[in-house]
There are 2 protein chains.
Amino acid sequence: MLDRTDLAILDQLGLDARASFARIGAVVNLSAPAVKRRVDRLLARGVIDGFTVRLDPAALGWATEAHVEVYCTGATRPATMRDAFERYPEIVTASTVAGEADALVHVRAHDVRHLDAVVERIAAEPFVVRTRSTIVLTPLVRRPDTPRTTV
Amino acid sequence: MLDRTDLAILDQLGLDARASFARIGAVVNLSAPAVKRRVDRLLARGVIDGFTVRLDPAALGWATEAHVEVYCTGATRPATMRDAFERYPEIVTASTVAGEADALVHVRAHDVRHLDAVVERIAAEPFVVRTRSTIVLTPLVRRPDTPRTTV
DNA sequence: TATGAAACCTAGTGGTC
DNA sequence: GACCACTAGGTTTCATA
């Protein structure tokens, strides 16, 4: 499967996805072509989903953040929720959950007014019974979405 | 500040952070050096925080996910929470929130048993009164952490 | 099957207009 | 911001273990 060299490469790409294969190779004790081949393989296998930029939300005007618990009617299908949620550019992540609420949605907005408008639009979706919002005060920890796997 | 060309560049980097400046330039109608200068400027200004790899958590064995509301004693300082939460590799994000709970923590674990152990450790922190966990069933939407800003 | 060395080609980078 | 020139990095080929 994945050996510790693969994990070390993922670790380096996590720190800087634009690092040259030669520089990554220097860290993981491999030549540039060898690193490239492993990265290509990780891409082909879907372990690596792609390369992105890490942006500062505040610098781009997305200063307000909230988590919205969504309570849905009867047996709303996940596909119905996804189709609805995908239309909101303000929704960063959404998932169905076990517990009181049916879905949990992470929303980013420009300000509280904007956030309020988005939550109202969500609450007005046909399958939504009610919502419960939790506004974020201060971010404490912000890490890559997948924890580092140490071997 | 940021013009629509900058935003278009950020958009392209979001799709593929390893794309060549020339290819990005072809999309945003700019020469490669011009794109590089803008990216350098966005990095210097902190709008771009860095470049990372997007990984498939499941492929790396992080199949279980939960959101944990943390209720703290009296006036626990955010710094105290951060110091504690940062020691958990399983914690992806954490923030203080307004509402019933004091903090909201996003946890990734290998399986339910692992998740349970992590939540118990969090609950045992000296400043924690109680926790309330919401386990994720199915991810519906998963987008870049900062929404696209259309101008 | 995975690697390293070399060759070749493409991209990054700094200077100039 | 474009163009040019130079350097660095990506990518393929090939030989090897």
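Only this structure's heavy atoms are used, side chains among them; waters, hydrogens and symmetry mates stay out. Throughout, a chain's letter reflects where its sequence line sits, starting with A, and its residues are numbered from 1.
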Can you list, pair by pair, the side-chain donor-acceptor contacts under 3.5 Å of residues 91-101 of chain B, counting residues two or more places apart and other chains?
unit_1: B:Thr96; atom_1: OG1; unit_2: A:Thr138; atom_2: N; d: 2.9
unit_1: B:Thr96; atom_1: OG1; unit_2: A:Thr138; atom_2: O; d: 3.4
unit_1: B:Thr96; atom_1: OG1; unit_2: A:Thr138; atom_2: OG1; d: 2.7

With nearest nucleotide decided by heavy atoms, which residue, B:Thr5 or B:Arg18, maps closer to the 5′ end of DNA chain D? B:Thr5
Indicate yes or no: at least one non-hydrogen side-chain atom of A:Arg130 is less than 4.5 angstrom from one of A:Glu69. no
Excluding sequence neighbours, so at least two apart, what forms side-chain hydrogen bond (donor to acceptor under 3.5 Å, both in side chains) with [X]?
X	answer
B:Asp40	B:Lys36
B:Arg41	B:Asp6
A:Asp49	B:Arg54

Range on DNA chain D touched by chain B, heavy atoms, distance below 4.0 Å: D:dG1 to D:dG10
Heavy atoms within less than 4.0 Å of DNA chain C: which residues of residues 31-45 of chain A have one? Give them sorted by number. A:Ser31, A:Pro33, A:Ala34, A:Arg37, A:Arg38, A:Arg41
Report the residue from A:Leu115, A:Leu104, A:Thr131 that forms a side-chain contact (heavy atoms from CB on, under 4.5 Å) with A:Val68. A:Thr131
Partner residues of B:Asp83 under the side chain to side chain contact (heavy atoms under 4.5 Å, CB included) criterion, sequence neighbours left out: none
Dump the intermediate steps for side-chain contact (heavy atoms from CB on, under 4.5 Å) on A:Val136 and A:Thr64, then the final yes or no. CA-CA 7 Å; A:Val136 169; A:Thr64 308; over 6 Å; no
For residues 108-118 of chain A, which residue pairs qualify under salt bridge (charged side-chain N to carboxylate O under 4.0 Å, His left out), counting only residues two or more places apart or in two chains? A:Glu65-A:Arg108, A:Arg108-B:Asp145
Using the ring pair (Phe, Tyr, Trp, His ring centres under 6.0 Å) criterion, which residues pair with B:His110? Sequence neighbours excluded. B:Trp62, B:His114
Ion pair check, B:Arg38 and B:Asp3, cut-off under 4.0 Å: yes
Range on DNA chain C touched by chain B - first to last nucleotide, heavy-atom distance under 4.0 Å: C:dA11 to C:dG15
Can you give the dot-bracket line for DNA chain D, using ( ) for pairs inside the strand, [ ] for pairs that cross earlier ones, | for pairs with another strand and . for unpaired bases, where Watson-Crick and G-U count if both distances are under 3.5 Å? |||||||||.|||||||
Identify all side-chain donor-acceptor contacts of residues 8-20 of chain A below 3.5 Å with residues at least two apart in sequence or on another chain.
unit_1: A:Asp11; atom_1: OD1; unit_2: A:Arg148; atom_2: NE; d: 2.8
unit_1: A:Asp11; atom_1: OD2; unit_2: A:Arg148; atom_2: NH2; d: 2.7
unit_1: A:Asp16; atom_1: OD1; unit_2: A:Arg18; atom_2: N; d: 3.0
unit_1: A:Arg18; atom_1: NH1; unit_2: B:Ala17; atom_2: O; d: 2.6
unit_1: A:Arg18; atom_1: NH1; unit_2: B:Ala19; atom_2: O; d: 3.1
unit_1: A:Ser20; atom_1: OG; unit_2: A:Arg23; atom_2: N; d: 3.1

